[in-house]
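Heavy atoms only: backbone and side chains are in, while hydrogens, waters and symmetry mates are out.
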Amino acid sequence: MPELDPEDAKIVTLARGARSRAHTPYTGVAEGAAVRDSDGRTYSAATVENADPGLTTTALRGAVAAAASSGARSFEAAVVVGGLLVSEADVAVLREFGVGVPLLLADDDGTVRHSVTT
């Protein structure tokens, strides 16, 4: 992957920080995510598991929900740290706010390994 621009590096750092606060007592699979809206504001969230897997909130859904509840309606970029596989349902949540948003997927240490476009 090419070197990240500073704004993308910022959301990777935010997602790494969020990952450290994940609540994953059932699977131990912690993810952090961050999104940057079209105004340049950033939002982050971590995985929050529930005993009922259907009630688990993924990091990406949490970050999108935080942004949307703060008034964001479109995104410039998103990142998930600790999740090199993102479900189609999570991508659909991001896509709800616009097609073509770059989604970076990074290792636990923040190294971006893959990028997809929603």
Any non-hydrogen side-chain atom of Leu4 less than 4.5 Å from a side-chain atom of Val112?
yes
Residues 70-94 vs ring pair (Phe, Tyr, Trp, His ring centres under 6.0 Å), sequence neighbours excluded, gives Phe75-Phe97
Between the main-chain N or O of Asp109 and the side-chain N or O of Asp107, is there a donor-acceptor pair closer than 3.5 Å?
no
Got a sec, which pairs hit ring pair (Phe, Tyr, Trp, His ring centres under 6.0 Å) with one end in residues 3-34, sequence neighbours left out?
none
dist Arg36:CZ -> Lys10:NZ (nearest 0.5 Å) comes out at 8.5 Å
Minimum heavy-atom distance between Ala67 and Tyr43, given as atom pair plus value:
CB-CD1, 3.3 Å
In Å and rounded to the nearest 0.5 Å, what is the OG1 to CD distance from Thr27 to Glu49?
3.5 Å
If you take all heavy atoms of Thr47 and Ala30, which pair is closest and at what distance?
OG1-C, 4.2 Å
Can you find a heavy atom in the side chain of Val91 that is under 4.5 Å from one in the side chain of Val86?
yes
Note: Ala63 and Ala33 closest approach over all heavy atoms is CB-O, 4.0 Å
Under the 3.5 angstrom rule, does the side chain of Asn50 hit a backbone N or O of Pro53 as a donor-acceptor pair?
no
Evaluation steps, side-chain contact (heavy atoms from CB on, under 4.5 Å), between Val79 and Leu103:
CA-CA 5 Å; Val79 63; Leu103 173 59; 5.7 Å; no
Any carboxylate oxygen within less than 4.0 angstrom of a Lys/Arg side-chain nitrogen, looking at Arg16 and Glu31?
no
Crowded around Leu85 CG? As in, over 12 foreign heavy atoms under 6.0 Å?
no
What do the steps show when you test Arg19 against Val81 for side-chain contact (heavy atoms from CB on, under 4.5 Å), and what is the final call?
CA-CA 7 Å; Arg19 183 182 177 277; Val81 171; 3.9 Å; yes
Measure from the side-chain N and O atoms of Thr118 to the backbone N and O of Val99, and report whether any donor-acceptor pair falls under 3.5 Å.
no
Please step through side-chain hydrogen bond (donor to acceptor under 3.5 Å, both in side chains) for the pair Thr58 and Asp90, ending with a clear verdict.
CA-CA 8 Å; Thr58 66; Asp90 280 0; 2.9 Å; yes
Taking the side chain as C-beta and beyond, is there a heavy-atom pair between Val35 and Val64 under 4.5 Å?
yes
Any donor-acceptor N/O pair, Asp39 side chain to Arg41 backbone, under 3.5 Å:
no
Is there a chain of hydrophobic side chains (I, L, V, M, F, W, Y, each step under 4.5 Å between heavy atoms) that links Leu14 to Val48?
no
For the pair Leu60 and Val93, evaluate side-chain contact (heavy atoms from CB on, under 4.5 Å) and give the outcome as yes or no after the intermediate values.
CA-CA 8 Å; Leu60 183 57; Val93 169; over 6 Å; no
Determine whether Thr117 and Val101 make a side-chain contact, defined as any pair of heavy atoms from C-beta on separated by less than 4.5 Å.
no
If you apply the rule side-chain contact (heavy atoms from CB on, under 4.5 Å), what do you find for Arg73 with Glu96, and how did you get there?
CA-CA 9 Å; Arg73 295 297 178 258; Glu96 181 71 23; over 6 Å; no
